[in-house]
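The block underneath contains the structure these notes are about, expressed in structure tokens.
One-based numbering, in listed order, for ligands and for the atoms of each.
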Amino acid sequence: MTSRKPLLPVADALAQIIQAMPEMGVEPLPLTDAIDRVLAENIHALVSHPPHDVSAMDGYAVALSDLADGQTTLKVIGESAAGHPYDAPIEPQSAVRIFTGAYLPQGADAIVIQEDTSIDGDHVTILERPQPRRYIRKQGQDFAKGDVIAEKGTCLDARRLALIASSGHGTVTVKAKPKIAIISTGDELVAPGITPQHGQIVASNGMFLCHLLNILGADAVDYGHIPDDQKALEDAFSHAQTADMIITTGGASVGKHDGVAHHMASGDGLAFWRIAMRPGKPLIFGHLGQTPILGLPGNPVSTGVCGLVFVTAAIKAMLGQDTTPQTRPAKLATDLPENDQRQDYLRASLSYDDQGQAWVNAFDKQDSGMFQSFANADALIIRPPHAKPAKSGDIVTILPIPSLI
Ligand code: AMP
Ligand code: MG
């Protein structure tokens with residue numbers, strides 16, 4: 001097993017992973033079950049909204065040509081309520097009582113709000129001349145039949161689902177959820193909630209990855225933690241190969257107990273191992289049979305950062321979503337030294353000044369064993385290889401850490 005090959009640039013690693021991901025199939029789902037799922041088709045409205053010209057207020061539908069300059073008294077000839085349209089045309093010198101959401105009768109071109117009228121039996125006096133078409137919601141002004149109201153690749157939230165429902169659909173076609181196997185490796189690991197004994201630590205990567213994957217719209221299958229033993233690893237791999245992808249943590253480096261690296265380096269499925277990134281240098285990618293496998297380093301910060309960068313892109317690729325990293329500029333609140341040959345992902349806090357300018361402050365301690373600073377970070381500052389020293393006030397690129405992650 002050699003470790004002296006030049007390190008692969010992060011962008012190349014990312015491109016290889018994205019390119020190798022199988023795109024998921026599709027399935028129809030009732031809208032009631034489609035929250036958080038990814039649309040596999042553009043959604044065209046089946047009906048217009050509103051379906052007809054409707055009133056936006058309670059009042060009277062009138063024809064402006066019937067109104068004199070001062071006050072006008074009109075005969076109330078009927079009522080149009082939501083769900084109960086008045087289907088006849090409006091007659092000369094008459095008005096139709098109308099309520100919010102009700103269809104505008106044919107021939108009416110203005111709504112007089114209730115507050116601008118006085119009633120006497122079946123007659124209404126218009127006290128104030130209404131503006132033409134004021135308080136009339138035009139047919140299709142929200143969306144027209146045939147309009148695209150949700151695009152392929154959209155992750156469906158409650159509002160989008162309600163919009164799709166209002167456009168006449170009861171089901172949508174979504175991407176099938178990728179099933180991702182998670183295997184944590186390490187003799188030292190005990191499950192969360194177990195008090196670690198001498199030599200042990202609590203395994204946190206599996207839990208992190210399960211949550212991350214679920215947030216990304218995948219189904220995580222946690223295989224728990226397995227010891228640093230080739231046979232145990234092979235058994236776990238043979239079970240996990242039915243998944244759409246396998247993610248391992250730990251055992252990715254050059255040590256003699258780093259079983260994932262040994263296994264991948266000795267087979268023929270290795271695509272790359274070791275990348276020019278900090279944290280995350282020992283990253284492994286390849287295939288076990290047809291199944292892609294991503295080997296993350298065991299340090300929780302490395303797993304976390306590689307999860308944000310590579311797992312996010314892999315799942316988006318499987319779901320047919322845009323895989324472009326969601327980076328943006330921010331101003332540095334501190335100085336940073338020159339960078340070496342590895343792309344750095346610095347944990348940082350983010351704040352905004354009165355002008356709305358984002359300022360990013362790199363934490364002092366960036367050791368990949370410092371888990372707490374990862375949990376406290378709002379963003380990662382991306383420092384390209386060999387970046388020159390940066391001063392407070394310089395613009396840098398950041399990767400904000402999405403909420404819930
Ligand atoms: P490894 O990549 O196996 O060399 O592990 C690197 C470091 O991460 C070691 O200190 C491990 O104890 C720790 N580590 C490995 N796996 C986990 C895990 N699942 N949860 C928390 N820490 C881990
Ligand atoms: Mg280990």
Side-chain angles (χ1 to χ4, degrees), residues 1-3 7-8 10 13 180-215 218 220-237 239-240 243 245-266 270 272-286 293-311 342 345 347 365-377 401 405:
M1 200 163 63
T2 171
S3 60
L7 301 176
L8 187 70
V10 172
I180 312 295
I182 301 169
I183 301 171
S184 307
T185 71
D187 283 352
E188 74 280 32
L189 304 179
V190 295
I194 305 289
T195 307
Q197 303 300 314
H198 187 59
Q200 297 182 323
I201 64 156
V202 178
S204 58
N205 290 340
M207 173 185 286
F208 170 79
L209 288 169
C210 280
H211 288 311
L212 173 70
L213 287 161
N214 289 333
I215 290 165
V221 185
D222 192 354
Y223 280 76
H225 54 265
I226 61 151
D228 291 314
D229 169 84
Q230 286 309 118
K231 175 75 176 64
L233 194 60
E234 275 154 29
D235 283 352
F237 283 158
H239 286 113
M245 175 167 65
I246 299 170
I247 299 178
T248 61
T249 78
S253 199
V254 294
K256 83 170 187 192
H257 301 294
D258 287 326
V260 180
H262 281 278
H263 186 88
M264 290 307 295
S266 60
L270 183 67
F272 65 76
W273 176 41
R274 293 160 55 85
I275 63 171
M277 178 170 178
R278 179 175 35 243
K281 178 168 130 186
L283 190 80
I284 298 170
F285 181 66
I293 173 167
L294 187 62
L296 307 181
N299 266 313
V301 178
S302 310
T303 288
V305 172
C306 289
L308 285 173
V309 175
F310 300 107
V311 175
R342 285 156 70 185
Y345 288 76
R347 279 147 277 163
K365 297 201 172 81
Q366 293 289 340
D367 184 290
S368 65
M370 306 295 287
F371 195 13
Q372 200 174 178
S373 62
F374 183 60
N376 290 340
I401 300 178
I405 294 176

For residues 293-303, which side-chain N or O atoms pair as donor and acceptor with protein atoms under 3.5 Å away, sequence neighbours left out?
unit_1: Asn299; atom_1: ND2; unit_2: Ser368; atom_2: OG; d: 3.2
unit_1: Thr303; atom_1: OG1; unit_2: Asn205; atom_2: ND2; d: 3.3
unit_1: Thr303; atom_1: OG1; unit_2: Pro297; atom_2: O; d: 2.7

Whether over 12 other heavy atoms sit under 6.0 Å from Gln200 CD: yes
Should the ring pair Phe208 and Phe374 be called parallel, tilted or perpendicular, given that the plane angle runs from 0 to 90° and is split at 30 and 60? perpendicular
Can you confirm whether or not the ring centre of His263 sits under 6.0 Å from the ring centre of Phe237? yes
Hey, is the main chain of Asn376 close enough, under 3.5 Å, to the side chain of Arg347 for a donor-acceptor pair? no
Would the distance check show the side chain of Asp187 and the main-chain N or O of Pro227 forming a donor-acceptor pair, the cut-off being under 3.5 Å? no
Between ligand 1 and the protein, which N/O pairs fall short of 3.5 Å?
unit_1: ligand 1; atom_1: 2 (O); unit_2: Gly298; atom_2: N; d: 2.9
unit_1: ligand 1; atom_1: 3 (O); unit_2: Gly251; atom_2: N; d: 2.9
unit_1: ligand 1; atom_1: 8 (O); unit_2: Gly298; atom_2: O; d: 3.2
unit_1: ligand 1; atom_1: 8 (O); unit_2: Asn299; atom_2: N; d: 3.1
unit_1: ligand 1; atom_1: 12 (O); unit_2: Glu188; atom_2: OE2; d: 2.5
unit_1: ligand 1; atom_1: 14 (N); unit_2: Gly298; atom_2: O; d: 3.2
unit_1: ligand 1; atom_1: 19 (N); unit_2: Asn205; atom_2: ND2; d: 3.3
unit_1: ligand 1; atom_1: 20 (N); unit_2: Ser204; atom_2: N; d: 2.9
unit_1: ligand 1; atom_1: 20 (N); unit_2: Asn205; atom_2: N; d: 3.4

